[in-house]
Structures are given as C-alpha cells and as structure tokens.
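Right, one structure below, let's go through it.
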Protein chains: 2
Amino acid sequence: MSTKNKILDAADVLFADKGFNGTSLREITSQANVNLAAVNYHFGSKKELIKAVMSRYMDELSPQLESALALICQAERKPSLQEVFYAFIEPLLKLNEFKENGTSTFLQLLGRGYTDSQGFLRWFLTTQYPDVFTNFTKAVKKAYPELSTEEMFWRLHFTMGTIVFTMSSSEALIDIAQNDFNNQLDIAGVIERVIPYVAAGVAAPITHYN
Amino acid sequence: MSTKNKILDAADVLFADKGFNGTSLREITSQANVNLAAVNYHFGSKKELIKAVMSRYMDELSPQLESALALICQAERKPSLQEVFYAFIEPLLKLNEFKENGTSTFLQLLGRGYTDSQGFLRWFLTTQYPDVFTNFTKAVKKAYPELSTEEMFWRLHFTMGTIVFTMSSSEALIDIAQNDFNNQLDIAGVIERVIPYVAAGVAAPITHYN
DNA sequence: CGCTATTTTAAACGGGTGTTTAAACTGGCT
DNA sequence: AGCCAGTTTAAACACCCGTTTAAAATAGCG
C-alpha cells in the first residue's frame with residue numbers, strides 16, 4: 001500500500017478517536033509505520049491532511065447521497081420523513097464496505113469537524129459539497145411543506161447534532177447498553193434507534209413564538 | 001476579586017470557546033491578569049482546574065434541578081414530556097443570573113466535556129452528580145411509562161447530544177440565522193426551538209426491532 | 001549500466017505546553 | 001519590631017508540537 005494511503009488510514013481512525021487537535025503527526029506516522037516527514041511531503045501540512053481525510057469519505061459518499069435524494073425529489077408521491085432519512089442511511093452504511101468501521105469513523109470525524117478547529121471544517125464541507133445540503137433541504141421540504149425554511153434550518157441542525165454527537169460517543173453508549181440491558185448493538189442498531197427519534201423531532205408540530 | 005475566581009472566570013469562557021485541549025494555561029492566566037504559576041498553586045493541575053470550572057456550575061445547578069424534577073415526580077398528575085423538559089430549562093436559564101452568559105457557557109462546556117479529553121469529564125459528572133440523571137429518568141418514565149428503560153436510555157442520550165451539540169455551535173448557528181432569515185435570536189430563542197424537537201423525539205412511537 | 005526524478009530518512013529547528021522551583025512580597029499577629 | 005503563613009512572581013524545567021532541511025535510498029527510463 002502506498003505511503004499516502006497508509007497515512008490516511010492511520011489518520012482517520014486516530015482523528016475520529018481523539019480529535020484533530022488531540023492527535024499528533026507523530027502518533028499518526030508511527031501508527032502507519034511511516035516517517036514523520038512523509039505527512040508534510042505528501043500532504044503539505046496537517047490541515048491539508050485533515051481535508052484529505054474528509055475528502056476521501058465525502059467523495060465516496062456525496063454522489064450516492066445526491067442520487068438517493070434526487071430520487072425522492074423527482075418522485076411524484078409525497079415522501080415521508082422516515083423515507084428521507086433512510087435515503088441517508090443506505091449510503092452511510094455502505095461506507096462500511098468502503099472501509100472497516102467506515103460509517104462510525106466518518107460520523108465521528110464529522111462531529112470532530114464541528115467542534116474542533118473552530119469550524120474551519122464546516123466551512124470546508126459546506127463550500128466543497130454544497131449540493132448535499134441543498135438536496136437534503138429540498139427533500140425534507142417535500143415531505144413536510146408546512147415547515148418554514150427557518151424552522152427547517154434549525155431542525156436539520158438539531159438532527160445533525162443528534163447523529164453526530166451520538167456517533168462520537170457511540171462506543172461508550174454501546175458499552176453501557178451492553179452492561180445495563182444485555183443488549184449488544186452495532187452501529188446499524190444505534191442508527192435504527194436514532195431514526196425514529198430524529199424523524200419525530202423534525203416532524204414536531206409547529207409552535208409560534210412571540 | 002480573588003485570584004482563584006479571576007482564573008475560574010477567564011477559564012470557563014476560554015474553555016467553552018476553544019475546548020479544554022485547545023486552551024493553554026498561559027492564555028487563561030494572561031486573560032485573568034494573573035501569574036502563570038497561580039493555576040498550579042490554587043488548583044494543583046490543569047485537570048483539577050477543569051473539574052473546578054464544571055463544579056462551580058454543577059453545584060449551582062444541581063440542587064435546583066433536583067427540586068424541580070422532584071416536584072414533577074411527587075405530583076399526582078401525569079406530566080407531559082414538555083413539562084419535564086421545561087423543568088430543566090428554568091434552572092438552566094437562571095445560570096444567566098449566576099454569571100454573564102452562564103447558560104450558554106455551561107452548555108458549551110458540557111459539550112466539550114463529552115468530546116474533549118476522551119470522556120473523563122462524563123465520568124466525573126455521572127459519578128459526582130448521579131441524582132440529576134436518576135431523577136430525570138424517573139420524571140420521563142412518569143410522563144411516558146410505555147417506553148422501555150432501554151429505549152429511554154437511548155432517547156435521553158440522543159436528547160443530551162442534541163442540546164449539547166447545538167449549544168456548542170450555537171454562536172455559528174445564530175450568526176447564520178441572522179444572515180439568512182434576518183432573525184436575531186439569543187440562547188433562550190434557540191432553546192425555545194429545540195424543546196419541541198427533543199420532546200417530539202422522546203415521544204416518538206415505539207418501534208420494534210428484529 | 002548511468003542518469004534523473006521521486007520518495008524516504010534522520011536530524012534539527014523554533015516555538016508552545018504543563019509543571020516546578022526558589023526567591024520575593026504581602027498582610028496580620030504577638 | 002519581628003515573625004510567619006499565605007500568596008505572588010520570574011525563571012527555568014523537560015517534553016511535545018508542526019515543519020524544514022539536506023543527505024540517503026529507491027525507482028523509472030533511455
């Protein structure tokens with residue numbers, strides 16, 4: 001395997017686990033059995049490495065996501081919110097074929113991107129992959145047209161938060177569930193439980209504020 | 001004002017803003033106009049300072065939270081989920097009297113605690129303030145008794161995630177809402193919008209898994 | 001083979017980190 | 001006044017960070 005890919009493979013696991021700030025290049029390169037300077041040689045800087053790690057996932061995910069959402073947008077029938085969210089799930093779970101534990105790793109990385117590094121990664125994603133956001137918004141609007149654009153903006157970010165945060169601590173939560181309820185879940189199991197939650201949240205009745 | 005409090009005041013703003021790992025003791029002490037060594041003199045270590053910052057909020061919050069939830073648990077009438085959540089809101093918003101921007105700062109700190117430092121802070125909170133969690137669980141169980149304990153465990157953690165994550169990025173979200181919708185919100189406004197969402201999420205119909 | 005371009009390597013660079021030290025200062029006490 | 005516990009201070013400590021350098025190794029090609 002190429003040095004570049006060895007670095008990427010080691011980096012995304014460590015980044016997901018300990019955050020971008022919390023992971024040093026020396027940890028990454030020693031995990032990857034690669035010289036320290038290789039990161040700067042192949043990627044230029046740590047910041048560029050972070051972008052490369054995210055891009056590898058987004059480039060895999062974003063076309064599938066767009067086509068799945070396009071299918072919903074072009075259909076005549078009005079979709080349910082659950083359908084819209086499940087359009088997300090399938091491409092997300094396919095990341096497990098792309099890379100071992102790809103789904104949870106990617107979602108954890110997404111969570112890190114929101115809180116670490118003061119949002120430069122959110123900027124990177126929204127500018128590099130804007131279609132994902134607009135298509136998702138369109139699909140939700142079709143499923144729940146009464147919802148104002150602003151209210152939808154908030155509820156989608158709440159949803160983003162729920163998913164991303166859940167995945168960031170999914171390992172700990174799965175451990176607790178195993179101990180307390182003797183119920184062994186995997187990532188797909190957690191997703192199964194979070195979908196009804198977020199769907200109901202987005203579908204919540206409209207309240208009027210003063 | 002005492003050196004100890006100057007440090008705490010500077011620390012919690014910086015910690016909330018840039019995370020625990022992302023904030024250096026030198027930033028804190030220069031912001032507080034205090035000598036660098038004062039942190040280790042008064043608190044022992046950075047880790048202990050983090051605990052002290054969180055304890056200051058939790059000691060203020062936890063008694064009020066417990067009595068508000070106890071009121072619900074002891075009442076004869078079955079409460080609604082919205083009521084249970086609003087029992088949280090009032091004590092949380094009172095943190096603004098305790099300290100300027102206390103509510104959002106505390107919630108941001110809570111979010112940092114989940115993702116930074118690999119969950120040592122979650123351990124600290126759940127072991128130091130266990131009553132908050134058990135009382136909350138009791139109140140929800142009273143409002144929605146059909147929900148199994150395990151399902152409730154998951155939905156409460158989803159809720160935790162939604163709140164905490166939303167608050168971590170609340171400044172950025174409020175900025176976007178201002179630009180895109182000409183709607184200037186504060187923290188209370190964001191909370192007003194998130195409550196119906198999480199209440200509907202927790203109240204989602206029960207699904208059966210294979 | 002021999003030359004060139006690419007890649008890998010060890011070492012060092014400058015700077016930031018949390019923590020510790022020991023000396024200086026402070027205010028209250030007899 | 002002298003003393004002393006409590007506090008503040010400047011300086012240094014050892015260590016880790018991301019990045020750069022220049023030499024060594026490797027691979028590709030005429």
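Chain letters run A, B, ... following the sequence lines, proteins first, then strands; residues in each count from 1.
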Legend entry - Phosphate OP1/OP2 of C/dT6: any A/His42 side-chain N/O under 4.0 Å: no

Legend entry - Distance (rounded to the nearest 0.5 Å) between A/Thr149 OG1 and B/Asp180 CG: 10.0 Å

Legend entry - Sidechain N-carboxylate O distance under 4.0 Å for B/Lys51, B/Glu48: yes

Legend entry - Given D/dT19, C/dT19, C/dT8, the nucleotide with the shortest approach to the side chain of B/Leu36: C/dT19

Legend entry - Residues A/Glu60 and A/Lys99 bridged, charged N to O under 4.0 Å: no

Inset, instruction - Can you tell me the distance, in whole Å, between the CD atom of A/Glu48 and the C1' atom of D/dG18? - result: 14 Å

Legend entry - Any N/O donor-acceptor pair, A/Arg26 side-chain to D/dG18 base, under 3.5 Å: yes

Inset, instruction - Can you tell me the distance, in whole Å, between the CG atom of B/Asn5 and the C1' atom of D/dT7? - result: 15 Å

Legend entry - Parallel, tilted or perpendicular, as decided by the 30° and 60° cut-offs, for the rings of A/Phe124 and A/Tyr129: perpendicular

Inset, instruction - Report the nucleotide, chosen from D/dT19, C/dT8, C/dT20, that has the shortest atom-to-atom distance to any side-chain atom of B/Asn40. - result: C/dT20

Inset, instruction - Taking only the side-chain nitrogens and oxygens of B/Ser24, find out if one of them lies under 4.0 Å from OP1 or OP2 of C/dT17. - result: yes

Inset, instruction - To the nearest Å, give me how far apart CZ (A/Phe20) and C1' (D/dC17) are. - result: 18 Å

Legend entry - Any donor-acceptor N or O pair under 3.5 Å, side chains B/Tyr41, B/Asn35: no

Legend entry - Any B/Thr3 side-chain N or O less than 4.0 Å from OP1/OP2 of D/dT8: yes

Inset, instruction - Measure from the side chain of B/Ala37, starting at C-beta and using heavy atoms only, and say which of D/dT19, C/dT8, D/dT9 lies closest. - result: D/dT9

Legend entry - Interatomic distance where CG belongs to B/Asn35 and C1' belongs to D/dA12 [whole Å]: 13 Å

Legend entry - Atom pair distance, as rounded to whole Å: OH in A/Tyr41 and P in D/dA22: 16 Å

Inset, instruction - Starting at atom CD1 of A/Ile7, determine the distance to atom P of D/dG18, rounded to an integer number of angstrom. - result: 13 Å

Inset, instruction - Measure the distance from NZ on B/Lys4 to P on D/dT8 and round it to the nearest whole Å. - result: 11 Å

Inset, instruction - Give the rounded distance in Å between these two atoms: CD of B/Glu27 and P of C/dG16. - result: 11 Å

Inset, instruction - Could you tell me whether A/Thr23 contacts a base, only the sugar-phosphate backbone, or nothing, with contacts defined as non-hydrogen atoms closer than 4.0 Å? - result: sugar-phosphate

Legend entry - Candidates D/dT8, D/dG18, C/dT19 - which lies nearest the side chain of B/Leu25: C/dT19

